[in-house]
K.L.:
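First the structure, then my questions, so here it is.
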Amino acid sequence: MKKKILIYIMLACSFLFAFTGCKDEGEYEDVSEIKEEEKKTFSFEYNGKTVNIGEDWALVNKKLGDYESMFVSESCAYQGTDRFYYYKDFEIMTSEIDGKEILTNIYIDKENVKAVNGICLGMGLSEVAKNMGPADKSTEKALIYYGSNVNVQISLQNDKVIGVEYYYETQ
């Protein structure tokens with residue numbers, strides 16, 4: 001009799017566990033579900049020169065010219081060193097990946113610089129939607145667009161663009 005009761009209790013517990021499992025809460029989103037053909041390429045153009053995330057720093061530096069200042073630190077995301085190059089109108093970060101210094105981040109926080117699809121600081125939310133289309137992910141403070149090896153995050157405050165960041169997305 002005790003054996004039968006124990007079996008019923010175990011069955012009841014497993015039944016409850018199966019239907020009440022853990023809930024995954026938060027804003028995690030699996031980017032790998034986006035089909036490769038849907039992923040876009042986002043370039044940055046400045047003074048008629050186009051650069052892309054993932055390009056070799058020597059080529060980027062040749063295109064964009066001299067920077068105003070620079071800062072070096074240990075990499076948080078990759079092994080090696082990160083370098084921050086400060087231009088008059090934007091910032092660039094490079095990282096050592098597979099022994100090469102490549103462009104991994106561009107941050108724009110000046111009004112006179114146009115980003116992807118003509119996005120610029122101060123632009124309204126409706127104009128961003130018109131230029132970029134629907135975001136792949138949106139939060140109260142940002143719109144995120146997924147690309148092939150680069151994502152673009154458009155930071156918002158009071159439905160106005162306050163910053164644009166291109167950042168490297170590892171495959």
Side-chain angles (χ1 to χ4, degrees), residues 22-36 38-123 128 131-132 135-158 160-171:
C22 298
K23 291 184 180 178
D24 187 17
E25 295 182 16
E27 292 190 24
Y28 174 78
E29 185 173 321
D30 188 4
V31 178
S32 64
E33 290 180 15
I34 298 172
K35 296 176 187 158
E36 282 301 316
E38 292 176 8
K39 291 186 176 183
K40 304 165 200 88
T41 301
F42 299 115
S43 297
F44 174 64
E45 189 174 319
Y46 185 74
N47 287 339
K49 305 292 182 186
T50 302
V51 297
N52 292 293
I53 295 294
E55 275 189 71
D56 185 86
W57 167 244
L59 180 60
V60 172
N61 189 29
K62 188 181 262 188
K63 289 179 186 179
L64 297 178
D66 294 333
Y67 47 88
E68 292 182 342
S69 63
M70 175 224 201
F71 175 75
V72 179
S73 73
E74 288 296 314
S75 181
C76 293
Y78 311 101
Q79 293 180 352
T81 305
D82 288 337
R83 290 178 177 82
F84 300 85
Y85 297 93
Y86 300 95
Y87 287 82
K88 177 183 161 200
D89 297 319
F90 56 92
E91 300 169 16
I92 282 182
M93 184 177 98
T94 65
S95 300
E96 288 179 30
I97 299 176
D98 297 329
K100 296 180 191 173
E101 184 180 3
I102 66 164
L103 177 60
T104 54
N105 188 290
I106 301 169
Y107 183 71
I108 303 165
D109 64 353
K110 301 283 192 284
E111 289 184 12
N112 59 333
V113 180
K114 289 190 178 186
V116 64
N117 294 351
I119 302 301
C120 56
L121 272 63
M123 185 177 275
V128 171
N131 290 11
M132 294 292 293
D136 294 308
K137 181 179 179 183
S138 60
T139 67
E140 187 178 311
K141 296 182 180 186
L143 301 172
I144 302 169
Y145 297 87
Y146 300 130
S148 56
N149 74 329
V150 59
N151 294 342
V152 173
Q153 178 172 312
I154 300 172
S155 299
L156 305 167
Q157 185 175 39
N158 299 323
K160 300 273 185 199
V161 176
I162 61 167
V164 178
E165 181 178 10
Y166 299 69
Y167 58 95
Y168 187 69
E169 179 62 38
T170 58
Q171 306 302 331

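The first residue in the sequence is number 1, and the count goes up from there. What you see is a predicted model; the values in this text were computed from it and never measured.
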K.L.:
Please tell me if the side chains of T104 and M93 come closer than 4.5 Å, counting only heavy atoms from C-beta onward.
P.N.:
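Answer yes - side chains close enough.
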
K.L.:
For the pair Y67 and W57, name the ring-plane relationship: parallel under 30°, tilted 30 to 60°, perpendicular over 60°.
P.N.:
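Plane angle between 30° and 60°, so tilted.
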
K.L.:
Are there more than 12 heavy atoms of other residues, nucleotides or ligands under 6.0 Å from atom CG of N112?
P.N.:
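Result for CG/N112: enclosed.
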
K.L.:
Hey, can you pull the donor-acceptor pairs under 3.5 Å for the side chains in residues 44-54, sequence neighbours left out?
P.N.:
{"from": "Y46", "atom 1": "OH", "to": "D89", "atom 2": "OD2", "distance (Å)": "2.6"}
{"from": "N52", "atom 1": "OD1", "to": "S43", "atom 2": "OG", "distance (Å)": "2.4"}

K.L.:
Distance check, rounded to the nearest 0.5 Å: K114 atom NZ versus N131 atom CG?
P.N.:
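Going from the NZ atom of K114 to the CG atom of N131 covers 9.0 Å.
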
K.L.:
Are side-chain heavy atoms of K88 and K110 found at a separation under 4.5 Å?
P.N.:
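K88 vs K110: side chains apart.
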
K.L.:
Just wondering, do M70 and R83 contact through their side chains at under 4.5 Å, heavy atoms?
P.N.:
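Yes, at least one pair of side-chain atoms sits under 4.5 Å.
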
K.L.:
Do Y85 and F71 pass the side chain to side chain contact (heavy atoms under 4.5 Å, CB included) test, and can you show the C-alpha distance, the side-chain angles, and the key distance before you say yes or no?
P.N.:
CA-CA 7 Å; Y85 297 93; F71 175 75; over 6 Å; no

K.L.:
State whether the number of non-hydrogen atoms from other residues, nucleotides or ligands found under 6.0 Å of K63 atom NZ is greater than 12.
P.N.:
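Atom NZ in K63 is packed in, count exceeds 12.
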
K.L.:
Tell me the closest heavy-atom pair linking F90 and I92, and the distance in Å.
P.N.:
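Smallest interatomic distance, heavy atoms only, reads CE1-CD1, 3.8 Å.
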
K.L.:
Go through it in stages, so that I can follow the logic: the residues are S73 and F84, the test is side chain to side chain contact (heavy atoms under 4.5 Å, CB included), and I'd like the CA-CA distance, side-chain angles, deciding distance and then a yes or no.
P.N.:
CA-CA 8 Å; S73 73; F84 300 85; 3.6 Å; yes

K.L.:
Are any non-hydrogen side-chain atoms of T94 and V60 less than 4.5 angstrom apart?
P.N.:
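SC-SC contact between T94 and V60 ruled out.
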
K.L.:
Could you tell me the separation between the CG atom of D136 and the CD1 atom of I144, rounded to the nearest 0.5 Å?
P.N.:
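One gets 9.0 Å once the value is rounded to the nearest 0.5 Å.
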
K.L.:
Taking the side chain as every heavy atom from C-beta outward, state whether N149 and E169 have any atom pair closer than 4.5 Å.
P.N.:
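With C-beta onward as the side chain, the pair stays apart.
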
K.L.:
For the residue pair S95 and D82, what are the closest heavy atoms and their distance?
P.N.:
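The pair with the smallest heavy-atom distance is OG-OD1, 2.7 Å.
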
K.L.:
Please examine the side chains of Y145 and I154, heavy atoms only from C-beta on, and report whether any two atoms are closer than 4.5 Å.
P.N.:
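Yes, at least one pair of side-chain atoms sits under 4.5 Å.
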
K.L.:
Hey, is the main chain of A58 close enough, under 3.5 Å, to the side chain of D56 for a donor-acceptor pair?
P.N.:
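Judged by distance alone, yes, a pair lies under 3.5 Å.
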
K.L.:
How long is the span from the CD1 atom in I108 to the CD1 atom in I162, to the nearest 0.5 Å?
P.N.:
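CD1 of I162 is found 13.5 Å from CD1 of I108.
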
K.L.:
Using side-chain heavy atoms (C-beta onward) and a distance below 4.5 Å, is V116 in contact with Y166?
P.N.:
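They are in side-chain contact.
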
K.L.:
Are the side chains of M132 and I119 in contact, using a 4.5 Å heavy-atom criterion?
P.N.:
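The answer is yes, as the side chains (C-beta and beyond) meet within the 4.5 Å cut-off.
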
K.L.:
As an exercise, state the distance from CG of L103 to CD of E101, rounded to the nearest 0.5 Å.
P.N.:
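Output value for this atom pair is 9.5 Å.
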
K.L.:
Tell me, please, which residues at least two apart from A142 pass side chain to side chain contact (heavy atoms under 4.5 Å, CB included).
P.N.:
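By the side chain to side chain contact (heavy atoms under 4.5 Å, CB included) rule, A142 matches T139, Q153.
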
K.L.:
Rounded to the nearest 0.5 Å, what's the gap from CD on E55 to NZ on K100? Could you check?
P.N.:
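Interatomic distance, E55 CD to K100 NZ, rounded to 0.5 Å: 12.0 Å.
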
K.L.:
Any chance you could lay out the side chain to side chain contact (heavy atoms under 4.5 Å, CB included) test for V128 and L143, step after step, and finish with the verdict?
P.N.:
CA-CA 9 Å; V128 171; L143 301 172; 3.8 Å; yes

